[in-house]
Asks: 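My questions will all concern the structure given below.
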Amino acid sequence: MSRLLRRPEVFGAGLVLLGALADWRLGAVLALWFGAWWLNAQLAAGRGAATRYVVPVLFGVALLILWEVVVRLWDVPLVILPAPSDIWAKITTSTHLLWADFHQTFIKGALPGYAMGCAAGIAVGILADRYGFLRRGLLPVGNFMAALPIVGTAPIFVMWFGFGWQSKSAVVFTMVFFPVLVNTVAGLRATSAQQRDLMATYAASHATTLWKLKLPAAMPFVFNGLKIASTLALIGAIVAEFFGSPIVGMGFRISTSVGQLALDMVWAEIAVAAVAGSLFYGAVALGERWVTFWHPSQRGRN
Amino acid sequence: MRNLVPILTVVAVIIGIWYAACIPMNIHGTVNLARQHGFEAQPEGRRARLQTGAFQLVAMNPQAIPFVWSEEKPRLPAPHQVVAELGASTFGFAPTDKRSLVFHAWATLSATFVGFLIGTLAGIALAVGIVHNRAMDMSVMPWAIASQTIPILAIAPMIIVVLASVGLTGLLPKAVISAYLSFFPVVVGMVKGLRSPDGMQLDLLKTYSASQAETFFKLRLPASMPYLFASLKIGAAASLVGAIVGELPSGGGEGLGARLLAGTYFGQTIQIWAALFMAAIVAAAVVAVLNAAERVTLRRMGMAQ
């Protein structure tokens, strides 16, 4: 057993040596990588509660350090790959610009489109559930549309609604509508015959059944749709700005900075987009936990 | 097939709304060309017409209505115009001609396919590693999940430009984006799939004293197939979007994305819609192929519902 355990370390050390023979920088990078990996393997073998958070964080930090070291040691030019420290410096020196872009793209463009698209998707989903004919017709069409590259409609919406945030909201609306619709329809059908029979014995009206049984039962599905839509919303708003925008916005900044080869700015915007996307998703997930606390997937996590 | 009538009804309603929407959308353009069509525009002067609402303009120029469905550069082309353009640019030129939509669709599809293949294989490999190595699982998995909430597509233009600056152009940069986009869905789905055998099944293999490789090939891999196909479909759709967006910075190059952008530059709305429909057809074809592969595979494994 101990020999088995030692093997990967011997393998790693051998690679480091070989790398060092070829180029000391390669050796250093490999040593860093295997060192961090070895530390992580040791930590992961332990069963403390903290390891669940420490190990991934350590891995992320190791990747960042590796990125920094590679860029510094090989003198990678800024126009190919800026180091994390360069990107951080850019973020701290241009917070105003980044905030303005974030405000234009996320708060003015993505959020209204997301809210309207999700509301419309849920509303049409409820309608489709009420009328079986509509459901049978709309569900296959919706499923088909959800798989299409809807971002492609961006140039059309920019042509119709102008360069402002309205066209971005329209793109986001179209992108989030179908996933939310499909999930809502699936969720509203997630009640068992027994539950529906119970409502029938109570002589519950269609509205009461919808409100007290079907909608609550649909919530896990609806939130699944909302979570998918939350990542689509930011993508839609950013890509729509590639087709035309005022001189502010994350998509605008990315496309113009790429043109100027100011890659540190591009990475700064990407960092902002990543944080915004994760927080948005996290917020929806929090809402899910709050609304569907009764669902098995939420229980046992307290 | 009992769904056929409802589906056709819904599609018919959508097409009806589309035709109806053409009237207010295109009326300004049509009335501005009234002389060509042989009638007098109602409010004199472009400025006055610009300030008139679309529906009011329709009411004032009822004789313009037949022309809104046949404009050369309409704001909203009618469905039959799009289909005609689609047919003309698909069958009207040789597939190697730059004016042929098949040429552009193939440029996008080939990049998508190469990227999708790389991304899927890498994703499966990483998933196998994650399932068998605790350290890998704990370090990589949270990031793989978190990365799905990040709008990765935003880096597409940068990848294109950076790879072009080191001399890589054409199919490969687009394939890199496609691979990147299909990679994480496959990792997440495949890890779920490889972990789907329950304790009893794993215990059974243990009583057979099956090795890790045997457990993998005889239990984990077959059990993961439904999950693999589900994530393949997500990954394929994402790859196609990635390839299309990756074609945007290349300007007048080849591919459906370049076609979209060129249409935007020259106001060729019918061309944009035709490219969009072509993208939809390609996406539908890819998903249909994956569906067929899924059905055949699951049936051969006796897992079909």
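Worth knowing before you read on, the calculation uses all heavy atoms, side chains too, and leaves out hydrogens, waters and symmetry mates. Chain naming here is simple, since letters A, B, ... match the order of the sequence lines and numbering starts at 1 in each.
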Asks: Are there over 12 heavy-atom neighbours, none belonging to A:Phe223, within less than 6.0 Å of that residue's CZ?
Replies: yes
Asks: With only heavy atoms counted, which part of A:Val151 is less than 4.5 Å from chain B, the side chain, the backbone, both or neither?
Replies: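 The side chain, not the backbone.
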Asks: Got a sec: does the CH2 of A:Trp74 have more than 12 other heavy atoms crowding it under 6.0 Å?
Replies: yes
Asks: Considering all heavy atoms of both residues, which atom of B:Leu260 and which atom of A:Pro155 are nearest to each other, and what is their separation?
Replies: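 So the minimum-distance heavy-atom pair works out to CD2-CG, 4.2 Å.
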Asks: Relative to chain B, which segment of A:Ile254 carries a heavy atom at a distance below 4.5 Å: side chain, backbone, both, or neither?
Replies: side chain
Asks: By number, which residues in residues 274-281 of chain B have some heavy atom less than 4.5 Å away from chain A?
Replies: B:Leu276, B:Ala279, B:Ala280
Asks: Minimum heavy-atom separation for B:Pro157 to A:Val258, with atom names?
Replies: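 Between these two residues, the closest heavy atoms are O-CG1, 4.0 Å.
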Asks: Are side-chain heavy atoms of A:Ile238 and B:Leu153 found at a separation under 4.5 Å?
Replies: no
Asks: Side chain from CB out, backbone as N, CA, C, O: work out which of these in A:Leu261 comes under 4.5 Å of a heavy atom of chain B, or both, or neither.
Replies: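 Just its side chain gets close to chain B.
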Asks: Chain A heavy atoms under 4.5 Å from B:Ile155: which part of the residue, side chain, backbone, both or neither?
Replies: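 When you check distances to chain A, atoms from both the backbone and side chain of B:Ile155 fall under 4.5 Å.
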Asks: As an exercise: rank A:Val158, A:Ile270, A:Ile156 by heavy-atom pairs under 4.5 Å with chain B and give me the winner.
Replies: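 The option with the most such pairs is A:Ile156.
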Asks: Can you tell which part of B:Thr9 gets under 4.5 Å to a heavy atom of chain A, answering side chain, backbone, both or neither?
Replies: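 Answer is side chain: those atoms of B:Thr9 sit under 4.5 Å from chain A.
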Asks: Ignoring hydrogens, what is the shortest heavy-atom contact between B:Ile7 and A:Pro140? Give both atom names and the distance.
Replies: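 Looking at all heavy atoms of both residues, the closest pair is CD1-CG, 3.6 Å.
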Asks: Is A:Phe157 atom CZ crowded by more than 12 heavy atoms from other residues, nucleotides or ligands, each under 6.0 Å away?
Replies: yes
Asks: Which one wins on heavy-atom pair count under 4.5 Å against chain B: A:Gly236, A:Gly60, A:Ala62, A:Ser255?
Replies: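 Looking at each of A:Gly236, A:Gly60, A:Ala62, A:Ser255 in turn, A:Gly60 comes out on top.
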Asks: Is B:Val11 in contact with chain A via its backbone, its side chain, both, or neither, using a 4.5 Å heavy-atom distance?
Replies: side chain
Asks: Out of A:Phe280, A:Phe243, A:Phe133, A:Tyr281, which one racks up the most heavy-atom pairs below 4.5 Å with chain B?
Replies: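 Highest number of heavy-atom pairs under 4.5 Å: A:Phe133.
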Asks: Which atoms of A:Ser257 are under 4.5 Å from chain B, going by heavy atoms: the side chain, the backbone, both sets, or neither?
Replies: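 Neither part.
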Asks: Under 6.0 Å from the CH2 atom of B:Trp106, do we count more than 12 heavy atoms belonging to anything else shown?
Replies: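 Atom CH2 in B:Trp106 is not crowded, with 12 or fewer foreign heavy atoms closer than 6.0 Å.
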Asks: Specify the closest pair of heavy atoms between A:Phe144 and B:Ala284, including all atoms of both residues, with the distance to one decimal.
Replies: CE1-CB, 3.3 Å
Asks: Do B:Met158 and A:Trp267 come within less than 4.5 Å of each other through their side chains, counting heavy atoms only?
Replies: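 Side-chain contact under 4.5 Å: yes.
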Asks: Between B:Arg75 and A:Met159, what is the shortest heavy-atom contact and its length?
Replies: NH2-O, 4.4 Å
Asks: What residues, two or more places apart in sequence or in another chain, satisfy salt bridge (charged side-chain N to carboxylate O under 4.0 Å, His left out) together with A:Asp264?
Replies: none
Asks: Can you name the residues that form a side chain to side chain contact (heavy atoms under 4.5 Å, CB included) with A:Ile80, not counting sequence neighbours?
Replies: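 Once residues adjacent in sequence are excluded, the partners of A:Ile80 under the side chain to side chain contact (heavy atoms under 4.5 Å, CB included) criterion are A:Val76, A:Pro77, B:Val162, B:Ser165, B:Val166.
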Asks: Using heavy-atom distances under 4.5 Å, tell me whether B:Met141 contacts chain A through its side chain, its backbone, both, or neither.
Replies: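 Contact with chain A is absent: no heavy atom of B:Met141 under 4.5 Å.
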Asks: So for atom NZ, which belongs to B:Lys233, do other residues, nucleotides or ligands contribute more than 12 heavy atoms lying within a distance under 6.0 Å?
Replies: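 Atom NZ in B:Lys233 is packed in, count exceeds 12.
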Asks: Do B:Leu261 and A:Phe242 come close enough that some side-chain heavy atom pair is under 4.5 Å?
Replies: no
Asks: Heavy atoms only, distances under 4.5 angstrom: which of B:Gly267, B:Ala135, B:Pro6 has the most pairs with chain A? Name it, please.
Replies: B:Pro6
Asks: Please state whether the side chain, the backbone, both or neither of B:Ala283 comes within less than 4.5 Å of a heavy atom of chain A.
Replies: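 It is the side chain, since no backbone atom gets that close.
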Asks: Which residues pass the side chain to side chain contact (heavy atoms under 4.5 Å, CB included) test with A:Val54, not counting sequence neighbours?
Replies: A:Leu43, A:Ala50
